[in-house]
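Here the structure is laid out as C-alpha cells; the discussion comes afterwards.
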Amino acid sequence: MAEAIVSAVFERLTSISLQVAENGVRLVVGVNEEVKKIGTTLCTIRAVLADAEKRQVKEQAVKFWLDRLQNVAYDIEDLLDEWSTAVIRSKIEESQSSFRLSSLQPFANSIPRLVGRRGIATKIKELSESLQVIAKEKDDFAFIVNLSRNDDIEPERPKTTYFVDASEIRGRDQDKNTIISMLLSENGQERGIPIISILGMGGIGKTTLAQIVYNDREVNAYFQKKLWVCVSDPFDEMRIAKAILEALTGIPSGLGELNTVLVKIHESIEGKKFLLVLDDVWTEDERKWQSLKCCLKSGASPGSKILVTTRKENVATVMGCTRLFHLGKLSEEECWSLFSQVAFSGWNHGARQILADIGKKIADKCNGLPLAAKTLGGLLRLKKSREQWQRILDSNMWELDEAETGLFSPLLLSYYDLPAPLRQCFSYCAIFPKGCKIEKDLLIRLWMAQGFLGDGNGMEIVGEEYFDNLAMRSFFQEFETDENDDGIIRCKMHDIVHDFAQLLRKRECYVVASNGIEEQRAEWYHESARHLRVILDNEQAVIPSLLYNAKKLRSLLVDSCPSNSSTLNVSLPRLFDELTCLRMLDLSNKFRRQTSITELPCQIGKLIHLRYLSLEGNKGLKQLPTTLSDLCNLQTLNIRLCSSIQGFKVPINLRHLQNAETYGCTSMTFGLKRSTLLQTLEEFVVGNLFGGDLRKIFIGREVGRSNLGYLGNFAHLRGNLKIIGLGDVSRRSEAEEAGLWKKTGLRNLTLSFNFKYKGNRVLEGAYAHESSVLEALQPPPYLESLNINRMNGPTAFPSWMVSLTMLKRVRLWACFNWKTLPPMWKLPVLEHLEIWEMKNVKEVGQEFMGAETEKGQASSSSSSSSSVNNNIAFPCLKHLKFQSMDGWQEWYYGHLLTTMPLLCSLKINSCLMLKSLPRHLLQKTTLQVLDIFNCPILTERYSRNGTGEDWHYISHIPTITIDGEDVKRDGN
C-alpha cells in the first residue's frame, strides 16, 4: 500500500509543479530546490518498494519502516493538495472576475503571498528532511532495487497435487456431482476441447473440489489419461509443458525446446481421451497459453476435457472457458461439521459437549469459508479451556496472529497479484461495517475522494474498471443488479475478506463507539489514524475527546442514534476547526425519523481537502452555509432527503449532486450554472431566473423565463435525472436549450410537469404548451427508463418516443386530463409498462393496443422496429400494470395479428369500473402472474370455485392473486 501512496504523491508533485509554472506563482528562495529533492528521493525509494512490500509480511522492522514512509507520504500529499487548492482558487478568481464570491476575494488576492509564505516553505523543508532520513534508513535493509518498475511481488505460493482424503471433505457433494456431470458429458457442438473453470475466492475450496473430482471412480473409468499440473504464477510455458509430458510418459523430460516438448505431448495424447487439470491459474496473458492449447486441441480425442481452477474471471475468459462454475461457500451446518471435525479431533464426547455452544458461534464467524473453518479448528484443537475459546470468539479475526500467518496467506496472494492502485482501493473497503451492502457508485466516489483514481476527467470510468477488476477476482460477492439486470449496483464482502482488509489497514482504520457513560479507552487512537467511524450509541453519547487530536484523519463517518441531535450540533464547529485534512465526511442520518443536524456551521469552509460530503436524511437542516461554495475540491455532495433545504450555492467543481427528495429546494439557480463538471444531478427543480413566482408571471401575462436552459451546460450528466415543474415552462425554446438529447450518459429520465400547484386550474388552454415542451425534451437514444407524470394538457406521444430503441421501462401517471392512452404499442423493446391515475380514461382500445394501417404497416416511422412492421404490438413487453384508473370501463384487445407475445405478468389495481380483461391476453401461455386488487367487478368475474363466470379463462395461469389472497401459487 505504501507503493501506491508514494507513486500517487510523486505524480501529484509533478502535476503541482506544472500548475505553479503555468500560473506564474512565485516561490520562496530555496523551495523549488526542496521540491525537486523530494521528487528525486521519492523516485529512489520507489525502486525498493516492491521488495519492501514483500518482506514486511515476515519482518516487523520493515513493516515499521513502511508505516513511517507512508505517514510522511500522506503529509506531503496534504501539503501538495493545500498548494494546489490555492492555485485553483486563484484561477477561479481570474476566470470569473465578473462574478466574484465575496468570501474568496480576500483570499484570492493573497494567493502569491500564501503559496510563497515562509510557513509553506518551512513545511516543505521539514518534510523533505524527514523523507531524507527514511531514504537513508532503507540502506540498512539491503532491499533489492527494481529499476524496471515492475511492481510484481512474489510471495511464496503453495504447490498442489491431486492427493486428497475424501473422508475429510464436508459439504461438496452437490458441487462434485455438477462438475463430474460436466466432465462426463459429450462435447456436442463444441469445437475443440471443452474447458471448465472452477471460480472462487482464495480459501473457498477450488483445489479441494478439483481433487475429489479427479479421484472419482466414474472419472477414472471415463478418461484414458488423467493429468494434474499445479500452474501457479508465473505461467511458465516450458515448465507446464514438461509437467504434462512427464505425467503422460512417467519419464522426466530433458528436452530444451518448447516446440519439441509440444510435439511429444501431441504424440502421447493422440487418439486418447484425457482429462487435464490446471490448478491455480493466474495469468491473463492469452499468448502464454496459445501454443499449449493448440497442441492439446490438435491431438485430443472426442470427450477430452480441461478443468481449470482460478480466482480470476478474466483467466477463464482468456483461456476460452466453455463452462464457468462459481464455487460458493459452505452452509452453516457444513461449516460447523468441518470446524468440529478439526477442532475436536481426538477429544472425548464430554469435552466436545462442553465447548460445542461456543464452537458453533466461532464456526459462524467463518461464514462458510472452508479454509477459515480448518484454520480456526486447528488453532483451537490444543486449547481445552472455555476461556481460551471465548477469547477467540471475542477477537476480531484480523487480530489473531495465527490467522495472519495461516488464514490470510491465500488472500495475500490475491492481494499482491493486484496492481498497486487496486490494492489501496481494496483495503479501503475496511471502512465499511462487516456484512453491509456496499453501493458501487458510493465506493467509487469514496475512492475518488481519497485520490486513488487520479484527478482527471475520467475518474469515474477508472473507478468502474477497478470495481470490475476486484469483482472478477472474487474480492466481492452477493451482487445485486439494477432493474434492467444490466449492471451491478451493490455487493458485499465475505467476512474473512473484510477481516483481511482490516488487517491491511489496522494502523489506519478504526471504529470507536461512545456511550456517554465511561471514558473511552485510547487504544483506538494512533498518530497514523486516517479513517474513523464513530458510533454514538445513545443520547448521552458524546464525540470522544481524543477525536479532536486526530488531526490527520482523512475519512470520518459518524453514526448517531435517533435522539442524539444536540451533541452533534455542538461538536461540529470544533470538529471542522481541528480536522482540516478530511477528504471524506459522512454525517448522514441513518434513522431518518429524527433530526441529527439542524445547522451546518460555517467552519465547513476550512475543510479545503474535502471531496465527499454526505448529509443525507437530515430533515431539519434548512440551510447550507455560503462557505460551502468555497470548497473547490468538493466532488460529491449528498443531500438526499434533506427535505427542508431551500437553496444553496453549488461548489464550482462539483461532479455529483445527490439531491433526490429535497422537497424544500424549489430553485436550483444559485451557482449551478458554473458547475459544468456535473455528472450526477438527481433532481432539477424548474425555477425563475429573475426571482418571483413563475406561475404568477404566466397568469399575469408577464414575461418570465425559467432556469431549465441551465441543463444545457451539463454535457456530462449520466445515470438518473428527474426534472420537476415542467408545467411552469412556457416556451419550447427553453426546453430545447436543455439539450437532453446530447446527454448520452443518461439512462433513467423522469419528466414531472406539475409540482407545486397540484390540483389547481387556470385559464382554458393554459396547458396547451405542454405537448410542445415535451416534444422539445427529446432524450438521448440510449435511454432505458422513462417516467412522465402530471401533464395537464391533452394526450401526448412525442415523435421521438419510437426512436428510443433501448427504452425498456415506461411509467405514465397522474395525467388527469388525458382521455386516451398514447400508442405505446409502437415501442420496439419495451419490457415494463405502468399506467397510473389516468382518471378520465374510459376506454383502452386500438390506439393503445395497436391497429393496422391500410398498407398493413403499424407505423410509417423509419425508426420503427421490424417487429412493428410485422404487425406485432408490444413485441417485448413482459410486465404490464394499471393502477387507480377511476373511470376506466372497457378494454379492447386491438386489431394487430400479434399482441404482447412475451407478456408474463399482468397487474390491475384499483380500477373500480373495469368490466373485464381481454380474453386473448388471458389465454397466453406466457402469462405467469395475474394480480387483481380492489377491482370489485373483476373480482366477481374471475373468482374461483365456480362462482366466477370467467374463471376458466384464467385457471391455467400458474400464480393468481385476487385482493391480496393467493388463489393459486406456482400452479397450486
Side-chain angles (χ1 to χ4, degrees), residues 1 4-5 8 12 70 74-75 77-78 80-82 84-85 421 424-433 436 438-455 459-460 462-463 466-467 501-502 505 508-512 528-535 543 547-548 550-560 568 571-572 575-590 596-597 600 603-618 624 628 630-640 651 653-658 680:
M1 205 154 52
I5 180 63
R12 192 72 191 276
Q70 189 162 288
Y74 277 135
D75 291 342
E77 188 177 37
D78 285 338
L80 293 177
D81 201 49
E82 183 179 342
S84 173
T85 301
Q424 57 182 351
C425 288
F426 161 70
S427 62
Y428 187 76
C429 296
I431 199 169
F432 293 99
C436 82
I438 301 174
E439 300 284 340
K440 183 182 78 169
D441 286 346
L442 169 62
L443 180 59
I444 290 173
R445 289 165 193 172
L446 296 185
W447 287 343
M448 286 170 49
Q450 298 302 319
F452 298 159
L453 308 181
D455 56 3
M459 288 185 286
E460 291 82 1
V462 174
Y466 283 7
F467 180 90
Q502 287 183 300
R505 292 272 184 177
E508 287 190 8
C509 189
Y510 297 89
V511 178
V512 58
S528 63
R530 305 286 171 177
H531 314 289
L532 179 65
R533 179 182 294 273
V534 177
I535 302 172
I543 296 292
L547 175 57
Y548 301 111
K551 298 181 184 297
K552 296 181 180 180
L553 274 183
R554 292 184 159 211
S555 304
L556 176 62
L557 301 91
V558 180
D559 290 344
S560 58
L568 206 51
S571 302
L572 287 182
L575 277 177
F576 295 166
D577 279 332
E578 303 291 348
L579 307 184
T580 56
C581 290
L582 284 175
R583 291 168 175 250
M584 178 271 201
L585 177 61
D586 187 345
L587 299 173
S588 55
N589 181 3
K590 308 298 189 300
S596 289
I597 300 173
L600 194 68
Q603 287 91 337
I604 188 79
K606 294 184 178 182
L607 306 184
I608 64 170
H609 304 284
L610 195 65
R611 284 156 167 82
Y612 179 93
L613 174 62
S614 178
L615 303 167
E616 181 175 348
N618 287 287
L624 297 180
L628 183 72
D630 297 353
L631 301 179
C632 58
N633 288 314
L634 192 65
Q635 299 165 342
T636 302
L637 175 61
N638 182 356
I639 54 171
R640 287 173 177 165
N653 288 322
L654 197 69
R655 302 169 74 92
H656 304 283
L657 178 56
Q658 298 172 270
T680 301

Test item: [X] and [Y] side chains (from C-beta on) under 4.5 Å apart, heavy atoms:
X: Leu613; Y: Leu628; value: yes
X: Val462; Y: Ile444; value: no
X: Leu443; Y: Tyr466; value: no
X: Tyr548; Y: Leu575; value: yes
X: Phe576; Y: Leu600; value: yes
X: Asn653; Y: Leu634; value: no
X: Arg533; Y: Pro433; value: yes

Using modelled atom types and a 3.5 Å cut-off, is there a donor and acceptor pairing between side-chain atoms of [X] and backbone atoms of [Y]?
X: Arg611; Y: His609; value: yes
X: Ser427; Y: Gln424; value: yes
X: Ser84; Y: Leu80; value: no
X: Asn618; Y: Ile597; value: yes
X: Asn633; Y: Ile608; value: yes

Starting at [atom1] of [X], measure out to [atom2] of [Y] and round the result to the nearest 0.5 Å.
X: Leu556; Y: Ile431; atom1: CG; atom2: CD1; value: 8.5 Å
X: Cys581; Y: Lys551; atom1: SG; atom2: NZ; value: 9.5 Å
X: Ser571; Y: Glu578; atom1: OG; atom2: CD; value: 12.0 Å
X: Gln658; Y: Ser614; atom1: CD; atom2: OG; value: 7.5 Å
X: Gln635; Y: Met584; atom1: CD; atom2: CE; value: 12.5 Å
X: Asp577; Y: Gln603; atom1: CG; atom2: CD; value: 5.0 Å

Could you please spell out the steps behind the side-chain contact (heavy atoms from CB on, under 4.5 Å) verdict for Lys552 and Tyr74?
CA-CA 9 Å; Lys552 296 181 180 180; Tyr74 277 135; over 6 Å; no
Donor-acceptor pairs are to be reported for all side-chain atoms of residues 445-455 against protein atoms at under 3.5 Å, with residues two or more places apart or in another chain.
residue	atom	partner	partner atom	Å
Arg445	NH2	His656	ND1	3.4
Arg445	NH2	Thr680	OG1	3.0
Trp447	NE1	Cys425	O	3.0
Gln450	NE2	Tyr428	OH	3.4
Gln450	NE2	Ser555	OG	2.9

Under the side-chain contact (heavy atoms from CB on, under 4.5 Å) test against Leu547, which residue among Val558, Val512, Leu579 passes?
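Among Val558, Val512, Leu579, the one that satisfies the side-chain contact (heavy atoms from CB on, under 4.5 Å) with Leu547 is Leu579.
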Should Leu610 and Ile604 be marked as a side-chain contact (heavy atoms from CB on, under 4.5 Å) after you check the CA-CA gap, both sets of side-chain angles, and the distance that decides it?
CA-CA 9 Å; Leu610 195 65; Ile604 188 79; 4.2 Å; yes
Could you tell me which non-hydrogen atom of Leu631 sits nearest to which non-hydrogen atom of Leu607, and how far apart they are?
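Shortest heavy-atom separation between Leu631 and Leu607 comes out as CD2-O, 3.3 Å.
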Leu572 and Leu587: CA distance, side-chain angles, deciding distance, side-chain contact (heavy atoms from CB on, under 4.5 Å) verdict
CA-CA 10 Å; Leu572 287 182; Leu587 299 173; 3.8 Å; yes
According to ring pair (Phe, Tyr, Trp, His ring centres under 6.0 Å), who are the partners of Phe467, at least two apart in sequence or on a separate chain?
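Counting only residues at least two positions away or on another chain, Phe467 forms a ring pair (Phe, Tyr, Trp, His ring centres under 6.0 Å) with Phe476.
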Pairing residues for Arg554 by the side-chain hydrogen bond (donor to acceptor under 3.5 Å, both in side chains) criterion, not counting sequence neighbours
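With sequence neighbours excluded, Arg554 shows a side-chain hydrogen bond (donor to acceptor under 3.5 Å, both in side chains) to Glu77, Asp78, given in chain and number order.
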